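We number each residue from 1, following the sequence as shown. Just so it is clear, the values below take in all heavy atoms, side chains as well, and ignore hydrogens, waters and symmetry mates. Since this is a predicted model, take the numbers as computed values, not measurements.
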Amino acid sequence: MDTAIVPSTLLLTLLLSVGLFFFIRASSKDRTTTAELLSTEDEATLMPKVKDYFRLRSYQVAGIDREKNQVVFEGFVQPSWFLAVFLTLLASAGMVCLALVLSLLFPNVGNLFLALVLLSPLSGVFYWKTSGRVEKVWLQMEEASRDESGSLTRITIIAHRDELIELQRALQLKSVE
């Protein structure tokens with residue numbers, strides 16, 4: 001085999017391994033963001049709907065600040081079995097590729113590099129341990145404007161990005177732009 005092929009393949013495989021490492025690490029990254037949403041319903045009508053929404057999503061009220069008109073919800077976010085298995089499979093495929101290239105580069109060692117595949121379940125364990133956590137949602141409501149068609153309620157919310165998208169979809173809220 002050409003002497004330049006195997007080292008260049010090793011370099012590319014190592015670069016892909018670095019990308020895989022950062023992908024696995026990012027799988028449990030905190031994605032808390034702030035959003036401002038508008039509703040055509042008044043606060044008295046909207047707040048029970050928001051409380052029911054979060055109760056159905058296994059959140060409980062953790063605190064209420066009446067002066068700021070702010071509510072804090074708290075709930076445990078379960079890690080995904082699918083994602084844990086998927087990350088383990090990705091890591092095992094990456095380790096197999098790295099092991100094959102290393103066994104070509106160092107033929108004296110043989111297939112001993114295939115033992116690297118035994119490290120792949122660590123990616124699923126890492127995801128499982130770091131992504132299962134207690135999440136908080138901060139919600140503040142205020143009257144935005146009042147006109148002849150009714151009142152607008154402005155909701156300022158700090159929560160996980162996916163939770164914001166789902167809340168906006170479930171309660172038909174508009175983004176403030």
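- Side-chain N or O atoms of S8 include one that pairs as donor or acceptor with a backbone N or O of A4 at under 3.5 Å.
- Only one option out of V137, L173, T34 pairs with I157 in a side-chain contact (heavy atoms from CB on, under 4.5 Å); it is V137.
- A continuous path of hydrophobic side-chain contacts links L100 to L112 [ILVMFWY only; heavy atoms under 4.5 Å].
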Start with the C-alpha gap between V61 and V71, add the side-chain angles, then the distance that decides, and say whether side chain to side chain contact (heavy atoms under 4.5 Å, CB included) holds.
CA-CA 7 Å; V61 176; V71 179; 4.1 Å; yes

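- To the nearest 0.5 Å, the span separating NZ on K174 from CG on L38 amounts to 10.0 Å.
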Determine, stepwise, if the pair D52 / K49 fulfils salt bridge (Lys or Arg N to Asp or Glu O under 4.0 Å).
CA-CA 5 Å; D52 285 342; K49 290 181 181 180; over 6 Å; no

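- In the hydrophobic clustering of this structure, V96 groups with L102; members are Ile, Leu, Val, Met, Phe, Trp, Tyr whose side-chain heavy atoms approach within less than 4.5 Å, directly or through other members.
- No side-chain heavy atom of I158 sits under 4.5 Å from any side-chain heavy atom of T33.
- The backbone N or O of V85 sits nowhere less than 3.5 Å from a side-chain atom of Y127 that would complete a donor-acceptor pair.
- Annotation for R133: atom CZ counts as buried by contact number, over 12 foreign heavy atoms lying within 6.0 Å.
- The stretch residues 7-30 participates, sequence neighbours left out, in no ring-ring contact (aromatic ring centres under 6.0 Å, His included) pair at all.
- Under the 3.5 Å distance criterion, with hydrogens and angles disregarded, a donor-acceptor pair is assigned to the side chains of E43 and N69.
- Residue-environment remark: CZ (F86) stays at or below the threshold of 12 foreign heavy atoms within 6.0 Å.
- Using a distance-only test at 3.5 Å, with no hydrogens or angles considered, a donor-acceptor pair links the side chain of R31 to the main chain of K29.
- Nearest heavy atoms, L10 versus V101: CA-CG1, 3.4 Å.
- Of the possible polar contacts, one joining the T153 side chain to the E41 backbone as a donor-acceptor pair under 3.5 Å is found.
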How far apart are the C-alpha atoms of T156 and L37, what are their side-chain angles, what is the distance that settles it, and do they pass the side chain to side chain contact (heavy atoms under 4.5 Å, CB included) test?
CA-CA 6 Å; T156 305; L37 306 171; over 6 Å; no

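- Here the shortest heavy-atom pairing between K68 and Q140 reads O-NE2, 3.0 Å.
- The stretch residues 30-70 participates, sequence neighbours left out, in these ring-ring contact (aromatic ring centres under 6.0 Å, His included) pairs: F54-Y59, F54-F73.
- Using a 4.5 Å heavy-atom cutoff, the side chains of L122 and L119 are in contact.
- Counted by atom type alone, Q168 and S175 present one or more donor-acceptor pairs between their side chains at under 3.5 Å.
- Under a hydrophobic-cluster definition in which Ile, Leu, Val, Met, Phe, Trp and Tyr are linked whenever side-chain heavy atoms come within less than 4.5 Å, directly or via other members, L114 and V109 are assigned to different clusters.
- Minimum heavy-atom separation, A62 to E74: CB-CB, 3.8 Å.
- For the pair L116 and L98, the minimum side-chain heavy-atom distance is below 4.5 Å.
- In the hydrophobic cluster analysis, where Ile, Leu, Val, Met, Phe, Trp and Tyr join through side-chain heavy atoms closer than 4.5 angstrom, L90 is grouped apart from M95.
- Annotation: ring-ring contact (aromatic ring centres under 6.0 Å, His included) contacts of W138 (sequence neighbours excluded): none.
- Two residues are said to be in side-chain contact when any heavy atoms from C-beta on lie closer than 4.5 Å; V125 and T88 fail this criterion.
- In this structure, L89 is not a member of the same hydrophobic cluster as F126, with clusters built from ILVMFWY side-chain heavy atoms closer than 4.5 Å.
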So V72 and I64, side chain to side chain contact (heavy atoms under 4.5 Å, CB included) or not? Walk me through it.
CA-CA 6 Å; V72 178; I64 298 175; over 6 Å; no

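- Using a 3.5 Å distance cut-off with no hydrogens or angles, the side chains of S28 and S131 do not pair a donor with an acceptor.
- Between the S123 side chain and the L87 main chain, a donor and an acceptor come within less than 3.5 Å of each other.
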One pair to check against side chain to side chain contact (heavy atoms under 4.5 Å, CB included): V50 and M141. What are the steps and the verdict?
CA-CA 11 Å; V50 171; M141 287 189 186; 3.7 Å; yes

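- Nearest heavy-atom pair across G94 and L20 is CA-CD2, 4.1 Å.
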